[in-house]
Amino acid sequence: MAKTTDAFALNEWLVIGRLEDATHDKPRVTRLLGQDIRAERTADGAIGVWETDLAGNKGRALPVQERYGHIFVTLGDTPRDLLEMPEFEEEGRRLVTIGYVRVKTSPLRVVENFLDLGHFPYVHTNYLGAEPQTEVANYKAEIREDVDEVWATDCSFFQQKAAKSATDGQQSEYEYRVTSPFITVLYKTCPIKPGAWDLVGLFVQPLDEDLCEAHSFVLPFDEENTDVELRHFQQTIFLQDRPILENQLPALLPLTPGTEMPARADATSMTYRRWLKKKNITFGVQKDAASTNSRAA
Amino acid sequence: MEQTSWIVAGLSAGLFEGSVMPVKTPGKDLAVWRQRSGQANAVEDRCPHRGMRFSMGFVRGDQLACRYHGWEFDGAGVCKNIPAHPTLQPPKTICAKTFVCQEVNGFIVVNVGDDGAAMPAEYSELEGENMVPVRSVYLDASISTVRDWLMQAVFPTFAAGQDGTGTPVTYIYGNLNDNLVRISAQVGATTEELILALQALDDDRTGVHVQVSDMGSKEEMPAVQRHVARWLADLRLRLESNDQSQINKLKISA
Ligand code: FES
Ligand SMILES: [Fe+2]
């Protein structure tokens, strides 16, 4: 597809890879919102990103930010601010970038899945949940107008293996924060440091409306596990989600009321959808309510 | 022949108790599943909660459970259980879209339309015939192409294969409706019959669900089933070869 005309999506800061994914000798050649792009480390050491044409020739240079271990770019002229995560400055935390998983579905479906507590016992069995402890207790979901973010607080769920560092089951407390249609951060009880939260972040790179790459990181207090172990744990979780995400109909997120039926446990997803609607975002959203039962081959 | 919204979705023998299978039709994906108690059901392959394919779910007792959040639905498509809220009686408004599903003498027959049309007589007339299931094969060809081939296909009879005497075989082809083909092969005094139900998956793929006439001897039938299955495998290889000389070998006129 060609570059989207969705003004909201164009003016977001969006992830396109980890810092180490674009080097002097190996650029990252990828796509963003339907626009082909190329990222490479330039002579002065900074990362440059360009729009490219069909032949791969560089066109317009794009604004770049190197933050949180990742490369962010925007295709718009008046971007909303990229999220702030002050936890990155905290003593004792460790950043581990996970890399990405390519998923053939709307980037919005991927974010929604990340916000979902109800699927733990079924999709992440014996990691993030298991029968018969399937109940999702009431929690609070809201749009925080002052910061223009979606938050879900007071979430809790009984988990068998909540994180790589967990050895016993625990009642995990969660908070979810959505700062962009494509970016969300999870704050989760740290299994080894009472009172502290571990961070799990999801940056979704929207390639096309129904194709994305889910980049993620963890920022835990964890001295026990190696980076590789932490990475494997997160990758296992994401790979459990992928077959679900690629088998939802339709692939694009339906925002028309009545197309899908939520329950109370979906309060975060409902709030997220309401927020998307307010922003008039169309990228990744189902256009024609009649074509629910189809999925491009 | 009249266009009908009834399709043959598979063989009864191919749908075990407590299992669910995806069924493609042009423009509509279905999940066909069988309750533990034996009843077969057809439902749109999309959970009303968050759109997950039901065909990737699992059957629990007499309910179909979705793979994503475990919501359970009964044969009428009514939601009976939302595990995230174990004490909640699910609102009646939460329903999956179901389709009328009946089993006729070994075929699973589904009305994929919303027309409420009665099942065409050609299906109910199969009731009472002695048939045993062979298998379902899926071909890379349109339903009309497959139908044209089958209507002149040489089916090497089991009897002829057995005695090897080259007794002449007479073929009679019947197009019972758009989706049903009957091939009768007469060898001397015996008749061997195939009933082939064709199911369009999309414009260029077709499922063929095959049964063979029960020729009486219990001991012999497994060999007959294998014999027909081998012919189907051969048919498929030749049809998909796109090699006209291979295809011609299937035809009676060749
Ligand atoms: S999508 Fe089926 S239970 Fe949630
Ligand atoms: Fe998940």
Side-chain angles (χ1 to χ4, degrees), chain A residues 105-106 108-109 112-113 115-125 129-139 155 157 240-254 256-270 272-273 286 290-295 297, chain B residues 20 22-31 42-58 60 64-73 77-99 112-114 201-205:
Chain A
T105 196
S106 163
L108 309 175
R109 288 268 198 205
E112 194 174 71
N113 166 272
L115 304 174
D116 184 311
L117 291 158
H119 76 297
F120 290 164
Y122 298 93
V123 180
H124 306 298
T125 316
E131 291 183 319
Q133 279 132 324
T134 57
E135 180 155 18
V136 176
N138 279 353
Y139 60 89
C155 313
F157 208 81
Q240 290 169 338
D241 282 316
R242 184 164 64 179
I244 302 291
L245 288 163
E246 295 191 335
N247 283 287
Q248 277 175 287
L249 292 172
L252 300 184
L253 190 74
T256 318
T259 312
E260 294 181 345
M261 310 286 286
R264 203 172 59 229
D266 302 309
T268 319
S269 139
M270 286 187 270
Y272 173 62
R273 290 186 183 197
Q286 187 199 15
S291 64
T292 340
N293 192 340
S294 65
R295 202 175 162 115
Chain B
V20 54
V23 172
K24 286 228 170 292
T25 77
K28 199 177 283 165
D29 292 351
L30 310 181
V43 63
E44 184 186 12
D45 198 8
R46 184 179 77 88
C47 176
H49 176 218
R50 284 296 180 249
M52 182 64 196
R53 283 191 188 277
F54 273 131
S55 56
M56 296 186 69
F58 44 98
R60 287 192 146 165
L64 178 61
C66 176
R67 177 79 180 78
Y68 198 171
H69 307 93
W71 292 20
E72 291 179 22
F73 298 80
V78 180
C79 182
K80 291 296 190 185
N81 180 19
I82 296 179
H85 305 299
T87 56
L88 177 94
Q89 174 73 39
K92 292 222 164 30
T93 45
I94 301 183
C95 302
K97 181 163 176 45
T98 57
F99 299 90
V112 294
D114 289 317
L201 309 185
D202 53 35
D203 285 349
D204 36 44
R205 287 182 305 163

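Letters go in sequence order (proteins before strands), and every chain restarts at 1. Treat the numbers as computed from the prediction; the structure is a model and nothing was measured.
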In Å, rounded to the nearest 0.5 Å, how long is the span from CZ of R264(A) to CG of L88(B)?
6.5 Å

If you tally heavy-atom pairs under 4.5 Å against chain A, which of H85(B), R50(B), M52(B) wins?
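Among the listed options, the one with the most contacts to chain A is R50(B).
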
For the ring pair F120(A) and F157(A), is the centre-to-centre distance below 6.0 Å?
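Distance test on ring centres: under 6.0 Å, yes.
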
Are any of the side-chain heavy atoms of M261(A) and P90(B) separated by less than 4.5 Å?
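SC-SC contact between M261(A) and P90(B) ruled out.
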
Whether T256(A) side chain and T259(A) backbone form a donor-acceptor pair below 3.5 Å:
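No; judged by distance alone, with no hydrogens or angles, the pair does not exist.
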
Does any heavy atom of chain A fall under 4.5 Å from the side chain of S55(B), the backbone, both, or neither of them?
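Neither part.
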
Using non-hydrogen atoms only, which part of M56(B) is less than 4.5 Å away from chain A: side chain, backbone, both, or neither?
side chain

Which one, L117(A), D241(A), D116(A), leads in non-hydrogen pairs under 4.5 Å with chain B?
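Option with the top pair count is D116(A).
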
Less than 4.0 angstrom from a charged side-chain N to a carboxylate O is my criterion; do R67(B) and E72(B) meet it?
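Answer for the salt bridge query: no.
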
Region of E131(A) in contact with chain B, defined by heavy-atom distances below 4.5 Å
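Contact with chain B involves the side chain of E131(A) alone.
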
